[in-house]
Every structure is written in structure tokens, then in C-alpha cells.
A.B. asks: 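This structure is in C-alpha cells; I'll ask about it shortly.
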Amino acid sequence: MKILMVCLGNICRSPLAEGIMKAKAPENFVIDSAGTISMHEGNHPDKRAIKTASNHGIDISKQRSRPITQSDFETFDKIYCMDVDVLADVISKAKNEEQRQKVSLFLEILGDHENAEVPDPYWGDLNEFEEVYQLLDRGCDAILNKI
Ligand code: 4NP
């Protein structure tokens, strides 16, 4: 199973989702993350995301931001988007129905409409990163249960 986590900048939410999923998933799973913008390309995750992951024993410090590419739609089986704007953007890049079928909202699986989006913690503080971590942790458990 190959899973891609996608957010806007690929420096806060999706790097955390990648790190959490890597820590939980079977070893033969491939987990990666990307952003819909290339503004932070090549950068390591936001220091607050690194710190939050580290508080939970997960090292995401070596990840590098990259934008989603056309080949991601062929490589990955599942593409999980952190919010509805990202979802719309990613779906618009899919070339056909098979590729579109791979794309969904990360939190859809929790069936909890209010929490369907992973809030962007970029303008927040460490508490918001921790809240995002908890949501991502629940979402990853639910996704793995279903798979
Ligand atoms: P992310 O957070 O999409 O979770 O990585 C953001 C990162 C950067 C920006 C916004 C959100 N930005 O505006 O640069």
C-alpha cells in the first residue's frame, strides 16, 4: 500500500501525518507527503511540527517539502488531503477517474463532519500543533483499520 498525505505547504500538517502514519503502518507500506504549493520546496518541516512530533517520539526533522506531481497520481494508491481547498486542488490535477478515485479528505473516515478538516496550524501556537497531532493520530488509526 502506498499512501500520500497532502496539505498546502508540506511543512506542518502532511509532514506530521507522514511521520505518524510511518510509525503505525506495516513496514512494507510506502508513506510520503507533498504540498499543493511549491513555496517551501526543499525546506524541512516547521520547527513547531518537528517539536510536536518529537514530543511523541517521532522524528520528522529530515523530511523536505515538495509539491505534488503528476507521477504521484500513478505511484500512490491513496492520496489523503488535509482540507477541502487542498482536496479541490488535488482533484483538479487528476487526469482521469481512476486517479480521482484515489483522492479523499483525510478525516472523512472519522464520519465527524465538524472535524472533517485538519485545521491549518501555521498561524497558531504549539497547542494548535498538538491538537492537529491528535486529529492526525485518530485519522491514521481509522485509515489503517479500514485498510
Ligand atoms: P501546511 O501549513 O499546509 O500544513 O504545511 C502551511 C504552511 C505554509 C503556509 C500555510 C500553511 N503558508 O502560507 O506559507
Side-chain angles (χ1 to χ4, degrees), residues 1-25 29-95 99-144 146-147:
M1 177 62 64
K2 298 192 173 107
I3 297 175
L4 184 67
M5 306 293 191
V6 188
C7 64
L8 183 67
N10 192 213
I11 54 167
C12 300
R13 292 166 292 177
S14 60
L16 277 169
E18 176 187 335
I20 294 168
M21 192 55 112
K22 272 186 176 149
K24 291 176 184 285
F29 278 36
V30 173
I31 319 290
D32 197 3
S33 65
T36 52
I37 58 172
S38 53
M39 189 179 171
H40 302 279
E41 187 166 6
N43 293 351
H44 292 296
D46 186 286
K47 285 194 176 66
R48 297 162 297 175
I50 292 174
K51 168 75 178 142
T52 302
S54 161
N55 288 345
H56 293 274
I58 293 175
D59 180 12
I60 63 167
S61 65
K62 294 183 187 61
Q63 291 184 32
R64 300 264 187 188
S65 172
R66 71 167 181 90
I68 190 167
T69 64
Q70 213 60 55
S71 66
D72 288 325
F73 289 90
E74 287 156 29
T75 305
F76 291 93
D77 304 303
K78 304 266 186 200
I79 300 176
Y80 291 110
C81 302
M82 296 295 136
D83 64 39
V84 292
D85 291 337
V86 169
L87 179 74
D89 207 351
V90 172
I91 285 177
S92 77
K93 294 178 202 290
K95 285 240 164 74
Q99 294 188 352
R100 265 190 292 280
Q101 289 295 330
K102 297 179 175 187
V103 185
S104 62
L105 208 49
F106 175 84
L107 286 181
E108 192 183 274
I109 194 158
L110 293 184
D112 178 350
H113 187 71
E114 266 189 58
N115 282 338
E117 293 191 295
V118 180
D120 185 351
Y122 188 64
W123 305 104
D125 57 20
L126 261 184
N127 287 332
E128 267 144 300
F129 276 81
E130 177 59 26
E131 280 167 23
V132 162
Y133 184 97
Q134 295 300 332
L135 267 179
L136 293 171
D137 192 67
R138 282 175 59 208
C140 285
D141 282 342
I143 287 167
L144 283 174
K146 191 178 171 199
I147 291 171

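Values below: every heavy atom of this structure, side chains too, minus hydrogens, waters and symmetry copies. Counting starts at 1 for both ligands and their atoms, following the listed order. Nothing here was measured: the structure is a model prediction, and the numbers come from that model.
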A.B. asks: Does Gly9, backbone or side chain, put an N or O under 3.5 Å from an N or O of ligand 1?
C.D. replies: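 Yes, since at least one N or O of Gly9 sits under 3.5 Å from an N or O of ligand 1.
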A.B. asks: Considering only heavy atoms, does Met82 approach ligand 1 within less than 4.0 Å through its side chain, its backbone, both, or neither?
C.D. replies: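 It is neither; nothing of Met82 touches ligand 1.
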A.B. asks: Among all protein non-hydrogen atoms, which one is nearest to atom 13 (O) of ligand 1, and what is the separation to 0.1 Å?
C.D. replies: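 Among all protein heavy atoms, the one nearest atom 13 (O) of ligand 1 is Tyr122 CE2, 4.0 Å.
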A.B. asks: Going by the angle between their ring planes, with limits at 30° and 60°, are His56 and Tyr133 parallel, tilted or perpendicular?
C.D. replies: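 Ring orientation, 0 to 90° scale: parallel.
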A.B. asks: Relative to the heavy atoms of Met39, which atoms of ligand 1 are at a distance of less than 4.0 Å?
C.D. replies: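 In order of numbering, the contacting atoms are 14 (O).
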A.B. asks: I'd like to check which ligand 1 atoms, numbered from 1 as shown, lie under 4.0 Å from a non-hydrogen atom of Cys12.
C.D. replies: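 Checking each atom against Cys12, I get 1 (P), 2 (O), 4 (O), 5 (O).
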A.B. asks: Near Cys7, which atoms of ligand 1 are under 4.0 Å from a heavy atom of that residue?
C.D. replies: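 By the 4.0 Å cutoff, the relevant atoms are 1 (P), 3 (O), 4 (O), 5 (O).
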A.B. asks: Distance from Leu135 atom CG to Glu117 atom CD, nearest 0.5 Å?
C.D. replies: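 Rounded to the nearest 0.5 Å, the CG-CD separation comes to 11.0 Å.
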A.B. asks: Atom CG in Asp72, atom CG in Leu4: separation rounded to 0.5 Å?
C.D. replies: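 Asp72 CG to Leu4 CG: 5.0 Å, rounded to 0.5 Å.
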A.B. asks: Is a side-chain N or O of Asp141 found less than 3.5 angstrom from the main chain of Arg138, in a donor-acceptor match?
C.D. replies: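 Absent.
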A.B. asks: Testing the 3.5 Å rule here: is there a donor-acceptor pair between the side chains of Ser33 and Asn10?
C.D. replies: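 Yes, because at least one side-chain N or O of Ser33 sits under 3.5 Å from a partner of the opposite role on Asn10.
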A.B. asks: When you compare ligand 1 with Trp123, is there at least one nitrogen or oxygen pair between them that comes in under 3.5 angstrom?
C.D. replies: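 Among all N and O atoms of Trp123, none is under 3.5 Å from an N or O of ligand 1.
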A.B. asks: Determine whether any heavy atom of His40 lies closer than 4.0 Å to an atom of ligand 1.
C.D. replies: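 Judged by the 4.0 Å heavy-atom criterion, His40 does count as contacting ligand 1.
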A.B. asks: Just which atoms of ligand 1 are under 4.0 Å from any heavy atom in Leu8?
C.D. replies: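 Going through ligand 1 atom by atom, the ones under 4.0 Å from Leu8 are 3 (O), 10 (C), 11 (C).
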A.B. asks: When you measure from the side chain of Arg48 to the backbone N and O of Tyr122, does any donor-acceptor pair fall under 3.5 Å?
C.D. replies: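 The answer is yes, because a donor-acceptor pair under 3.5 Å joins these two groups.
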A.B. asks: Tell me the contacting part of Ile11 for ligand 1: side chain, backbone, both, or neither, using a 4.0 Å heavy-atom threshold, strictly below.
C.D. replies: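 The answer is both, backbone and side chain.
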A.B. asks: Tell me: protein heavy atom nearest atom 11 (C) of ligand 1, and distance?
C.D. replies: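 It is Asp120 OD2, 3.0 Å.
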A.B. asks: Which one holds for Asn10 and ligand 1: side chain close, backbone close, both close, or neither close, with close meaning a heavy atom under 4.0 Å?
C.D. replies: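 Just the backbone.
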A.B. asks: Can you measure from CG (Leu136) to OH (Tyr80) and round to the nearest 0.5 angstrom?
C.D. replies: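 Between Leu136 CG and Tyr80 OH, I get 13.0 Å after rounding to 0.5 Å.
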A.B. asks: Nearest 0.5 Å, please: how far is CD1 in Ile11 from CD1 in Ile37?
C.D. replies: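 Result: 8.0 Å between the selected atoms.
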